[in-house]
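What follows is a set of notes on a single structure, which appears directly below.
Chain letters run A, B, ... following the sequence lines, proteins first, then strands; residues in each count from 1.
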Number of protein chains: 2
Amino acid sequence: MREAQAAPTITTHEVQRLRSATIKDVAERAGVSMKTVSRVINNEPSVHERTRAKVQREIDALSYQPDPSARSLRSTRSYALGLVYDNPNAHYIINLQRGVLAACRSSGFGLQIHPCDSASPKLADELCTLVRRSRLAGLVLAPPMSEQPQLIRTLSEAKIPFMRIISARQDPQDGYPCVYVDDRDAAYAITEHLIQLGHQRIGFLWGGREHRSSPERYQGYEDALKDYGIALDRKLIVPGDFTFDDGFRGARKLLALKDRPSAIFGSNDEIAAGVLAAAHSDGIHVPYELSIAGFEDSPFSKQSWPALTTARQATEEIARHAAQRLITDLQRDANGEPVNSTNEGFRPELVVRGSTAPRTAAVPRR
Amino acid sequence: MREAQAAPTITTHEVQRLRSATIKDVAERAGVSMKTVSRVINNEPSVHERTRAKVQREIDALSYQPDPSARSLRSTRSYALGLVYDNPNAHYIINLQRGVLAACRSSGFGLQIHPCDSASPKLADELCTLVRRSRLAGLVLAPPMSEQPQLIRTLSEAKIPFMRIISARQDPQDGYPCVYVDDRDAAYAITEHLIQLGHQRIGFLWGGREHRSSPERYQGYEDALKDYGIALDRKLIVPGDFTFDDGFRGARKLLALKDRPSAIFGSNDEIAAGVLAAAHSDGIHVPYELSIAGFEDSPFSKQSWPALTTARQATEEIARHAAQRLITDLQRDANGEPVNSTNEGFRPELVVRGSTAPRTAAVPRR
DNA sequence: TGGCCTATTGACACCGTTGTCATTTTGAAG
DNA sequence: CTTCAAAATGACAACGGTGTCAATAGGCCA
């Protein structure tokens, strides 16, 4: 049997030995005081380069890691971020977490995830309490919380550092830091793609109003039509939420029109999934009778049949970037350096798949 | 795009920290020593009932919350769990997190999420380090980590408390605590459902071997066939992984058979999504020419066309239960009480949707 | 009442780090 | 070679709890 061939095991004894080195151990080995080691850890100025190197060598040798409990107990600073979200979209959230976690890990920060109800009137209080109780250094705010002016103002007044991830065409320059995503531009690209395929009557299904990305995406749609000289037809524009059901219902409405659209642009992939289901249930062939586009590059968009044309947001990278900037700002601030970082923007990328095709295409024989 | 203007400054070092009450405040107001308050907080025995009441009153009056940093710094105990997972399935993970978080919140515990690579040979070390560095009181292990005997043994030897979520028909009674999910039973129900619809040739697509749920689900399939007197046909059974692509490829293989199956059971919804796509791409009508079943009740299963017949796992509840048990065990253990909790089981529930239909059904006219 | 045992309580050190402030070293100018 | 400010470093207390162990209170019995 394989039983005997044990893989490397950490025994209890070794665990005891592995009991982390403390700042004292490092100090002794480096022949300096604890305080000096502390200075090196915190990257404080006025440590002689020679000393810093010597200390760093011992830190590496012992693979010393400062104890977060002790740190946050003693200092006003803390070493954990909170990630605040309220989004039913699991795929988005997972990527958000991945990105923020990557930034936190590389900077030695912890992460406290905090799903919440964006519509709760007590949300601001809840977040303040969270920050205080969990000793968070700052918050990363995802949409739609990041887009609630009142909440942002309250956090700012409570002196809670944060970084927003928002949908915007450009830096909002509203005095609060953010990373912005140009949804309008991507929606423009999607609409343009449909137009270039020969579609003139393009339906649009709105997403939820509490998300700024909704008007942004609509704007991209409208701008593209205008630029290509296609008149806006109000009957082709349907309000709704970011849900499958609203996509299904909206599509049914559009497909029942006398002069029905040859393409439908759903504000996200879930809406587009509803459109796809509506088309299937009406026996309408996608993409030959109807082109469909979504937004988000969700797993669904790859797995549906046909796969959805959509826009890919680099959610993980955006989140990593947001968290990294927050951390950098926090550290700068703690060192008394000026915090003057620039808001950066990201642009989702058009992903063309099988759900969109030229308007004139014939249905292929089976 | 990246040239935006300077962003505002967040200044934290001027923050006047809203200091909450400490154990000292409570002690003074209650006229007892700090230590006694500590005893009350920790629910230790040998505190006079009168004293306990008096102290508790002041704790409530000040809405005092002990500082987790201070506690975990001084004592060996800590007040945070780790949630360890390696699963590409976002929906599953989100529900897992929800459940664990709910249990943690209600017990005043923190939560550290820890996505990882289940195949990494250094995983055991990584987890030991994680527990030590983040001072975690225990770990909740999701599949497939929870099903790696070597890892479990190592954690156990390192005296790291944990709770496993595993796939098993019944309590494994292997000496390590777990919450188990009877995948076999649900797979049996799905297969039975197909059989009762009149299907005799039912294809089966395996999931990844590193998950115990894979053989469990296969066993349910095999047992149901046997119980209904249907001979096993090896050609209808295809190995693979829990992926869309494997579902697609596996389905192509099955559908190319001379005597092709009239139903296909994919080991999870992602596989079933691949089967659905393969059927669509071959112009095979689902469910009238081919019934398809998945497993998991993912969002996809509701949004695909037709919606997938599947099995619903109460992931959130399972996770909450697992975390709650771990916390209870930890507290018992800290108080010196015997820890002797019973492993509990959950059973996924059959969800019938549009992707399965009687074998004899005719294709409806459009 | 005194003795003895147990239940209850408190004094104090200490966990690992950082803030404060004093002290030492360094380097450039005089 | 001084002188003096600036740079570099260190001593020590403190953060908010808990572990240890000694001290006190209370109850019971002779």
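B:Tyr64 comes within 4.0 angstrom of the backbone, heavy atoms only, and of no base. Residue-level contact check: B:Val37 touches neither bases nor backbone, having no heavy atom under 4.0 Å from any strand.
A donor-acceptor pair shorter than 3.5 Å can be found between the side chains of A:Asn42 and A:Arg71. No side-chain donor from either of B:Tyr64 and B:Glu58 sits under 3.5 Å from a side-chain acceptor of the other.
Residue A:Ala70 places its side chain closer to C:dG16 than to any other of C:dT18, D:dT18, C:dG16. Listed nucleotides: D:dT18, D:dA8, D:dG19. Nearest to the side chain of B:Glu44: D:dG19.
At a cut-off of 3.5 angstrom, the base of C:dT18 holds at least one donor-acceptor pair with the side chain of A:Arg74. Judged by distance alone, with hydrogens and angles left aside, A:Lys35 brings a side-chain donor or acceptor within reach of the base of C:dG19, the pair sitting under 3.5 Å. In terms of polar N and O atoms assigned as donor or acceptor, the side chain of A:Arg39 comes within less than 3.5 Å of the base of D:dG10 in a complementary pairing.
The phosphate of C:dT9 (OP1 or OP2) has a side-chain N or O of B:Thr51 nearer than 4.0 angstrom. Remark: A:Ser38 is in phosphate contact with C:dT18, judged by side-chain N or O atoms under 4.0 Å from OP1 or OP2. One finds a side-chain N or O of B:Thr36 lying less than 4.0 angstrom from the OP1 or OP2 phosphate oxygen of C:dG10. Within the structure, every side-chain polar atom (N or O) of A:Thr22 is placed at least 4.0 Å from both OP1 and OP2 of C:dG16.
Rounded to whole angstrom, the span from the CD1 atom of B:Ile23 across to the P atom of C:dC12 amounts to 17 Å. Taking atom CZ of B:Arg135 as the reference point, atom C1' of D:dT18 lies 12 Å away to the nearest angstrom. As rounded to whole Å, 14 Å separates atom C1' of C:dC14 from atom CG of A:Asp67. Spacing between atom CG of B:Leu73 and atom P of C:dC14 amounts to 14 Å, rounded to whole angstrom units. We find that CD1 of B:Ile59 is positioned 13 Å from C1' of D:dG17, with the value rounded to whole Å. Rounded to a whole Å, the CE atom of B:Met34 is 11 Å from the P atom of D:dC15. Going from atom CG of A:Asn42 over to atom P of D:dA8 covers 17 Å, rounded to whole Å. The distance from atom NZ of A:Lys24 to atom P of C:dG16 is 9 Å, rounded to the nearest whole Å.
Between B:Arg52 and B:Asn43, the closest side-chain pair of non-hydrogen atoms falls below 4.5 Å.
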